[in-house]
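Okay, structure first, notes after.
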Amino acid sequence: MLFDASDGRNYMVHASRREKPGQAEIHTKDADVIYVLQGSATFITGGEALDAKTTAPDELRGSSIATGRLVRSPKAT
């Protein structure tokens with residue numbers, strides 16, 4: 001969903017459900033906000049995406065991440 005603000009800034013909200021590990025993602029203009037609704041999550045931030053390829057404008061995907069920081073969410077209640 002794209003919100004076109006009157007101040008010239010745009011906001012987009014995209015909801016996803018993840019049940020298993022995916023590819024390394026690089027967003028050059030966007031940021032991910034992660035909400036864990038049930039269970040727990042482990043993800044990696046920073047580092048270097050290996051074998052990164054452009055998949056869309058300002059979006060890259062890689063096979064894995066090297067030297068990233070492992071983050072574990074607390075269990076959702």
Side-chain angles (χ1 to χ4, degrees):
M1 179 181 301
L2 179 64
F3 298 100
D4 189 7
S6 61
D7 61 3
R9 295 184 295 170
N10 295 323
Y11 303 90
M12 185 178 353
V13 177
H14 172 82
S16 298
R17 179 181 173 140
R18 302 284 170 91
E19 295 182 356
K20 61 182 180 179
Q23 293 180 299
E25 299 181 8
I26 300 169
H27 314 294
T28 62
K29 294 186 177 179
D30 299 324
D32 285 332
V33 177
I34 299 171
Y35 290 95
V36 179
L37 301 177
Q38 185 177 24
S40 62
T42 302
F43 52 96
I44 300 172
T45 62
E48 177 184 352
L50 303 178
D51 304 315
K53 307 255 185 304
T54 300
T55 58
D58 303 308
E59 297 286 325
L60 295 96
R61 300 287 184 271
S63 60
S64 61
I65 299 173
T67 67
R69 179 174 167 251
L70 188 68
V71 178
R72 289 189 172 91
S73 76
K75 193 163 190 99
T77 56

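Counting from 1, the numbers follow the sequence of the chain as shown.
- One finds the OG atom of Ser64 at 8.5 Å from the CD1 atom of Ile44 (value rounded to the nearest 0.5 Å).
- A distance of 5.0 Å separates CG in Leu50 from OG in Ser63, rounded to the nearest 0.5 Å.
- Listed by first and then second residue, the side-chain hydrogen bond (donor to acceptor under 3.5 Å, both in side chains) pairs that reach into residues 27-38 are Glu25-His27, His27-Asp32, His27-Glu59, Thr28-Asp58, sequence neighbours excluded.
- In the hydrophobic clustering of this structure, Val71 does not group with Ile65; members are Ile, Leu, Val, Met, Phe, Trp, Tyr whose side-chain heavy atoms approach within less than 4.5 Å, directly or through other members.
- Here CD1 of Ile26 is found 8.5 Å from CD of Glu48. Values are rounded to the nearest 0.5 Å.
- Here the side chain of Thr54 pairs no donor or acceptor atom with the backbone of Leu60 at under 3.5 angstrom.
- Residues Gly62 and Gln23 come closest through the heavy atom pair O-CB, 3.4 Å.
- Residues passing the salt bridge (charged side-chain N to carboxylate O under 4.0 Å, His left out) test with Arg17 are Glu19, sequence neighbours excluded.
- How far OG1 of Thr42 is from CZ of Arg72: 5.0 Å, rounded to the nearest 0.5 Å.
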